[in-house]
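Each remark here refers to the structure printed beneath this line.
Position 1 is the first residue of the sequence, and the numbers go up from there. All heavy atoms count here, side chains included; hydrogens, waters and symmetry mates do not.
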Amino acid sequence: MKALVLSGGSGTRLRPFSYSMPKQLIPIANKPVLEHVLENIRALGVTEIGIIVGGWAAEIADVLGDGSRLGVRITYIPQEKPLGLAHCVTLARSFLGDDDFVMYLGDNMLPDGIEDIAADFRAGRPAAQVVVHKVLDPRAFGVAELDVDGNVERLVEKPEQPLSDLALIGVYFFTPAIHRAVGAIAPSARGELEITDAIQWLLTAGSEVRASEYSGYWKDTGRAEDVLDCNRQLLADLRPGVFGEADAASELDEGVRIEPGARVLRSRIEGPVVVGSGTVIEDSHIGPNTSIGRDCTLRGTQVSESIVMDGATISQVPGLQGSLIGRNATVGTTPEQDPHHRLVVGDHTRIEVAA
């Protein structure tokens, strides 16, 4: 089996970050979303991975390289314009060959893994197997309607009156039968080749299409609040340890991980918190549920429930909560101010926080 990861989207809901970095490289628990995705795929025993890339191809390749660091082999497949998920299958035809494959949206987080679902697919080899998750409001999703045996009867995109609460969450398993289906469909009303149309074509042609329910934690990291929620979820399983430096005047609770080269001086950190290598924290109160990237500087600052990306500087800010601070951003305040703010600050931004 191979894997096809889709990472060509523009990430408009994550602006201003997606102006200067692909949304799939947003760090969660100090690791890019795409790395979490590739680790999930590797756990299936799949090591041949094609990644669909758009305008951010160079930035993604700079982080992931050839995949050897993660124990996989990566082939980058360019997509000049996003023309639908089924179009990505067409672009990857030569890479996929006649192998079965898992298709995985590159901004989806399923930290509980999909090994059992992959095993079911391998055992039964239906033409397609979709991964679904129960949601409160199915109207915002593609929805799978099933028969009593778990076979898919119909796929409906964003139904006004849904007959099912099982949403498609961006992970699909396919045999080579999908290539014929993709070649047979026409673009949708929005001008894209829809993977739901290709799967529906398989159903109409009499092919077996099954659905497997994923009952663990799932998040589409397309919005800032979803990124922060996912960060909290992953930090709960953080392996703590002090591998850097924490002086005697500092207080570190359980669930804190200080990476090599990081220094904590005269500060209190409430876990779960991860502090990246090269970061300096002085006279500050950090946590809980906060990820601080590499080479950051935090002085006289209180921050919690937040993500601080690599190279950021936060000085004399006594109340940041639920915030995303971009790479190499600078956030500061004058001593007489006493802010308690939620911020979304893009890369390389300098901001003085007003009360």
Side-chain angles (χ1 to χ4, degrees), residues 11-21 23-33 36 107-109 111 136 217-238 240 252-257 264 267-276 279 281 283-294 296-334 337-355:
T12 56
R13 293 177 296 166
L14 267 175
R15 291 173 179 166
F17 299 103
S18 55
Y19 283 125
S20 55
M21 68 186 301
K23 61 179 180 176
Q24 296 87 359
L25 295 185
I26 294 285
I28 296 180
N30 276 10
K31 185 184 299 182
V33 172
H36 291 288
D107 54 3
N108 270 12
M109 291 290 295
L136 293 177
Y217 178 87
W218 163 68
K219 191 67 69 175
D220 169 1
T221 57
R223 301 179 303 168
E225 53 266 43
D226 295 326
V227 170
L228 290 169
D229 184 81
C230 196
N231 191 61
R232 286 189 290 271
Q233 180 73 22
L234 268 63
L235 285 178
D237 295 324
L238 180 72
L252 274 61
D253 291 352
E254 293 183 1
V256 174
R257 183 178 180 90
V264 180
S267 298
R268 182 184 177 194
I269 303 183
E270 300 177 58
V273 167
V274 60
V275 179
T279 285
I281 298 175
D283 304 306
S284 296
H285 184 181
I286 310 298
N289 299 316
T290 298
S291 296
I292 300 173
R294 296 170 297 178
C296 297
T297 301
L298 281 73
R299 293 191 171 97
T301 287
Q302 181 171 334
V303 58
S304 63
E305 306 284 342
S306 298
I307 295 175
V308 181
M309 299 185 199
D310 293 352
T313 297
I314 308 176
S315 179
Q316 305 300 322
V317 181
L320 279 181
Q321 185 173 9
S323 299
L324 282 176
I325 307 299
R327 298 173 300 178
N328 302 306
T330 299
V331 181
T333 186
T334 55
Q337 292 171 335
D338 184 26
H340 189 80
H341 286 285
R342 179 183 187 277
L343 293 177
V344 176
V345 181
D347 293 357
H348 303 281
T349 300
R350 183 178 183 89
I351 183 170
E352 181 175 288
V353 179

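The backbone N or O of T313 lies less than 3.5 Å from no partner atom in the side chain of T297, so there is not a single donor-acceptor pair. With hydrogens and angles ignored, the 3.5 Å screen pairs a side-chain donor or acceptor of T279 with a backbone N or O of G293. Side chain of S304 to backbone of P288: no donor-acceptor contact under 3.5 angstrom is found. In this structure, the side chain of Y217 does not engage the main chain of M109 through any donor-acceptor pair within 3.5 Å. Distance alone, capped at 3.5 Å, places no donor-acceptor pair between the S267 side chain and the H285 backbone.
Under the rule for a side-chain hydrogen bond (donor to acceptor under 3.5 Å, both in side chains), Q233 has no partner lying at least two apart in sequence or in another chain. Annotation: side-chain contact (heavy atoms from CB on, under 4.5 Å) contacts of R294 (sequence neighbours excluded): S277, D310. In this structure N30 satisfies the side-chain hydrogen bond (donor to acceptor under 3.5 Å, both in side chains) test with no other residue, sequence neighbours excluded. Take E270 and apply the salt bridge (charged side-chain N to carboxylate O under 4.0 Å, His left out) test, not counting sequence neighbours, and it matches no residue. Under the side-chain hydrogen bond (donor to acceptor under 3.5 Å, both in side chains) criterion, R299 pairs with E282, sequence neighbours left out. Qualifying side-chain contact (heavy atoms from CB on, under 4.5 Å) partners for N231, counting only residues two or more places apart in sequence or in other chains: I28, A29, L235, S291, I307. Listed by chain and number, the residues in a side-chain hydrogen bond (donor to acceptor under 3.5 Å, both in side chains) with H36 amount to none (sequence neighbours excluded). Taking the side-chain contact (heavy atoms from CB on, under 4.5 Å) definition, one finds that D283 meets it with R266, sequence neighbours left out.
Considering CZ of R223 and NZ of K23, their distance stands at 12.5 Å, rounded to 0.5 Å. In this structure, L228 CG and Q321 CD are separated by 10.5 Å, a value rounded to the nearest 0.5 Å. One finds the CZ atom of R232 at 10.0 Å from the OG1 atom of T290 (value rounded to the nearest 0.5 Å). For the atom pair K219 NZ and E225 CD, the distance stands at 9.0 Å (nearest 0.5 Å).
Between P111 and L234, some side-chain heavy-atom pair lies under the 4.5 Å cut-off. Residues L298 and V303 have side chains in contact (heavy-atom distance under 4.5 Å, counting atoms from C-beta outward). Contact check for P318 versus T301: no side-chain heavy atoms found under the 4.5 Å cut-off. Looking at heavy atoms from C-beta onward, V33 lies out of side-chain contact with L25 at the 4.5 angstrom threshold.
Shortest non-hydrogen contact noted between S284 and G300 is OG-N, 3.3 Å. Residues S306 and S323 share a closest heavy-atom pair of OG-N, 2.9 Å. For A236 against P272, the heavy-atom pair with the smallest separation is N-CG, 4.5 Å.
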Practice task
Test D253 against I269 for side-chain contact (heavy atoms from CB on, under 4.5 Å), laying out the working first.
Solution key: CA-CA 6 Å; D253 291 352; I269 303 183; over 6 Å; no
Exercise for the section: Under the side-chain contact (heavy atoms from CB on, under 4.5 Å) rule, what do V275 and I281 come out as? Steps first, then yes or no, please. Expected result: CA-CA 9 Å; V275 179; I281 298 175; 3.8 Å; yes
Exercise for the section: Applying side-chain hydrogen bond (donor to acceptor under 3.5 Å, both in side chains), run through Q24 and D107 and close with a yes or a no. Expected result: CA-CA 5 Å; Q24 296 87 359; D107 54 3; 5.2 Å; no
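For the pairing with M309, the side-chain contact (heavy atoms from CB on, under 4.5 Å) check across I325, I26, N328, I292 returns one residue only, I26.
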